[in-house]
Amino acid sequence: MRSKITNMSKRQMLLLEDDAVFPSTRFQGSKLKIVEWIWNAIKDLDFNTVLDAFGGTGSVGYVLKDKGKKVTYNDILKFNWYIGQALIENDETKLSEEDVCFLLKKHDKVKYPAFIRDTFENIYFTNEENDWIDMVVTNIVRLDNIYKKALACFALFQACIIKRPYNLFHRKNLYIRLSDVERNFGNKVTWDAPFEVHFRQFVAEANQAVFCNGQQNKAVNKDVFNIEGKFDLVYIDTPYISKKGVGVDYFGFYHFLEGLVNYSEWGELIDFKTKHKRLRGSPSVWANKKQIYPAFEQLFEKYKDSIIVVSYRSDGIPSINELIEMLQKYKTNVEELRRKNYKYVLSTNNSDEVLLIGK
């Protein structure tokens with residue numbers, strides 16, 4: 001199959017020839033805009049089984065699924081694992097209108113907690129919106145199919161993100177949405193639209209993304225060093241550390257979504273000393289400029305028998321030359337490809353996106 005990029009409803013989506021459409025996304029670091037460039041760089045390599053080791057939004061794994069590959073999607077964040085289940089592992093299940101109606105109303109025999117309302121008042125969403133999220137999360141748990149739960153979670157994640165300034169949960173900044181001031185950024189119409197409107201929209205997008213490629217694709221939720229099995233190709237897209245030594249903290253940026261999928265234990269996981277009620281947890285080695293070097297070395301050694309494809313930024317830590325030197329310890333042929341002046345959302349940096357292919 002052959003994929004192409006198109007614009008729909010002013011948000012970028014990936015349209016596939018079998019009529020499946022990868023949903024729009026606002027996640028930081030998503031490769032959705034350049035996934036065709038990545039595919040064109042690797043399409044002539046000899047591989048069938050592939051590990052998307054840091055799966056994130058799933059856009060790369062999704063395209064590889066579209067090309068008929070047997071994909072294992074992995075992400076250490078549990079909420080991302082739900083995305084992988086919904087879009088990569090799932091090959092036929094969709095949410096019906098009956099399912100959606102069930103999710104969007106309270107039921108007499110169900111006891112609805114008010115955890116989000118009580119814990120996150122005036123932090124991310126209004127009281128009414130917090131009540132709505134408490135209700136939907138409680139209803140999602142009652143769905144009787146793992147893929148329906150994953151699709152509903154995906155729609156909920158996207159609805160939460162689209163109503164957030166900067167699409168993140170890194171600050172207590174609900175006031176930005178609610179302030180009656182002249183604005184030079186953001187989409188107040190989007191922010192003010194009811195959660196239900198966004199949720200239904202993202203359910204429709206998730207449903208349209210479901211397709212079967214004839215392979216047994218899998219989504220897992222593990223530290224990359226604990227993944228078992230052998231793969232013809234391993235695609236590596238770690239969090240990025242800038243030349244200033246600042247790492248991208250996905251755990252911190254999206255802790256609210258991670259809390260949603262740990263709803264019953266959420267209160268035990270929160271660091272209540274933080275104003276925005278983030279989760280407790282140690283920083284990732286991939287966001288530590290000292291630990292990332294041995295981490296890459298360990299990862300390259302682990303997958304030395306696979307084709308290794310690394311996606312990174314030209315101005316990052318480690319440098320591209322340092323990554324090449326590490327790869328050359330295990331690969332006789334290392335190719336470097338650059339996509340010039342690619343800019344991520346919210347980034348002011350126009351460095352190149354780099355692919356390293358070790359064979």
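Predicted, not measured: the structure shown is a model, and the values here were computed from it. Reckoned from all heavy atoms, side chains included, excluding hydrogens, waters and symmetry mates.
Side-chain contact between Asp315 and Tyr240 is present, with at least one heavy-atom pair separated by less than 4.5 Å. Between Ser242 and Val248 the shortest side-chain heavy-atom distance does not fall below 4.5 Å. Using a 4.5 Å heavy-atom cutoff, the side chains of Asn217 and Asp91 are not in contact. Taking the side chain as every heavy atom from C-beta outward, Glu92 and Cys212 never approach each other to under 4.5 Å. With contacts defined as side-chain heavy-atom distances shorter than 4.5 Å, the pair Lys289/Lys243 does not qualify. At least one side-chain heavy atom of Phe296 sits under 4.5 Å from a side-chain heavy atom of Pro318.
Taking the ring-ring contact (aromatic ring centres under 6.0 Å, His included) definition, one finds that Tyr330 meets it with nothing, sequence neighbours left out. Contacts of Tyr235 classified as ring-ring contact (aromatic ring centres under 6.0 Å, His included), with partners at least two apart in sequence or in another chain: none.
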Run Lys65 and Glu89 through salt bridge (charged side-chain N to carboxylate O under 4.0 Å, His left out) and show every step you take.
CA-CA 9 Å; Lys65 177 182 175 180; Glu89 185 174 309; over 6 Å; no
Side chain to side chain contact (heavy atoms under 4.5 Å, CB included) between Asn213 and Asp66: does it pass, once the steps are laid out?
CA-CA 7 Å; Asn213 74 341; Asp66 174 54; over 6 Å; no
Test log, rule side chain to side chain contact (heavy atoms under 4.5 Å, CB included), inputs Ile324 and Ile320
CA-CA 6 Å; Ile324 290 173; Ile320 297 303; 3.9 Å; yes
Apply side chain to side chain contact (heavy atoms under 4.5 Å, CB included) to Ile292 and Ile241, showing your working.
CA-CA 9 Å; Ile292 197 170; Ile241 298 182; 3.8 Å; yes
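Gln215 contributes a side-chain N or O that, together with a main-chain N or O of Gly68, makes up a donor-acceptor pair within less than 3.5 Å. Judged by distance alone, the side chain of His107 and the main-chain N or O of Phe102 form a donor-acceptor pair under 3.5 Å. Judged by distance alone, with hydrogens and angles left aside, the side-chain atoms of Glu336 form no donor-acceptor pair with the main-chain N or O of Leu355 at under 3.5 Å. With hydrogens and angles disregarded, a donor-acceptor distance shorter than 3.5 Å links the side chain of His198 to the backbone of Thr190.
When each of Asn90, Asp99, Thr93 is checked for a side-chain hydrogen bond (donor to acceptor under 3.5 Å, both in side chains) with Lys148, only Asp99 meets the rule. Of the residues listed (Ile308, Val310, Ile236), the one engaging Leu356 in a side-chain contact (heavy atoms from CB on, under 4.5 Å) is Val310, and it is the only one. The only member of Phe251, Phe256, Tyr250 that meets ring pair (Phe, Tyr, Trp, His ring centres under 6.0 Å) when paired with Phe169 is Phe256.
Geometrically, Lys277 does not engage Phe272 in a cation-pi contact defined by less than 6.0 Å to the ring centre and at most 45° from the axis. Remark: Lys163 fails to qualify as a cation-pi partner of Phe125 under the 6.0 Å distance and 45° angle criteria applied to the six-membered ring. Within the cation-pi definition used here (under 6.0 Å to the ring centroid, within 45° of the axis), Arg164 does not qualify as a partner of Tyr124. Cation-pi contact between Lys106 and Tyr112: present, with separation from the ring centre below 6.0 Å and deviation from the ring axis of at most 45°.
Ionic pairing of Glu129 and Arg177 is present here: one or more N-O contacts between side-chain nitrogen and carboxylate oxygen are shorter than 4.0 angstrom. Arg278 has a carboxylate O that lies under 4.0 Å from a charged side-chain N of Asp249, or vice versa, which qualifies the two as a salt bridge. With respect to the salt-bridge test (charged N to carboxylate O, under 4.0 angstrom), the residues Glu353 and Arg338 do not qualify. Ion pairing of Glu121 with Arg117 is absent here, as no side-chain N (NZ or NE/NH1/NH2) approaches a carboxylate O to less than 4.0 Å. Remark: Arg280 does not engage Asp271 in a salt bridge, criterion side-chain N to carboxylate O under 4.0 Å. Salt-bridge formation is not detected for the pair Lys329/Glu301: no Lys NZ or Arg NE/NH1/NH2 atom is positioned less than 4.0 Å from an Asp or Glu carboxylate oxygen. Note on Asp305 versus Lys230: no salt bridge recorded, every NZ/NE/NH1/NH2 to OD/OE distance being 4.0 Å or above.
Contact detail for Gly259 and Leu279: the closest heavy-atom pair is N-CD1, 4.2 Å. Taking each heavy atom of Ala20 and Ala209 in turn, the nearest pair found is CB-O, 4.1 Å.
Both Leu64 and Ile357 are members of a single hydrophobic cluster when ILVMFWY side chains are connected at heavy-atom separations under 4.5 Å. Trp191 and Ile133 fall within a single hydrophobic cluster, where Ile, Leu, Val, Met, Phe, Trp and Tyr side chains are chained together by heavy-atom contacts under 4.5 Å. Linking ILVMFWY side-chain heavy atoms closer than 4.5 Å, directly or via other members, places Val246 and Tyr293 in two distinct hydrophobic clusters. Residues Tyr303 and Phe225 fall within the same hydrophobic cluster, defined by Ile, Leu, Val, Met, Phe, Trp and Tyr side chains chained together at heavy-atom separations under 4.5 Å. Cluster annotation: Leu337 is connected to Leu45 through the hydrophobic network of ILVMFWY side chains, with a link wherever side-chain heavy atoms come within less than 4.5 Å.
In this structure, the ring of Trp286 has its center less than 6.0 angstrom from the ring center of Phe54. Phe211 has its ring centre less than 6.0 Å from the ring centre of Tyr62. For Phe120 and His276, the distance between ring centers is not under 6.0 angstrom.
Classified by interplanar angle (parallel below 30°, tilted 30° to 60°, perpendicular above 60°), the ring pair Phe199/Trp132 is perpendicular.
Members clustered with Ile146: Tyr147, by chain and number, using a 4.5 Å side-chain heavy-atom cutoff among hydrophobic residues.
For the 3.5 Å distance criterion, the side chains of Tyr263 and Asp134 qualify, holding a donor opposite an acceptor. Asp131 and Asn127 share no donor-acceptor pair across their side chains, judged by distance under 3.5 Å alone.
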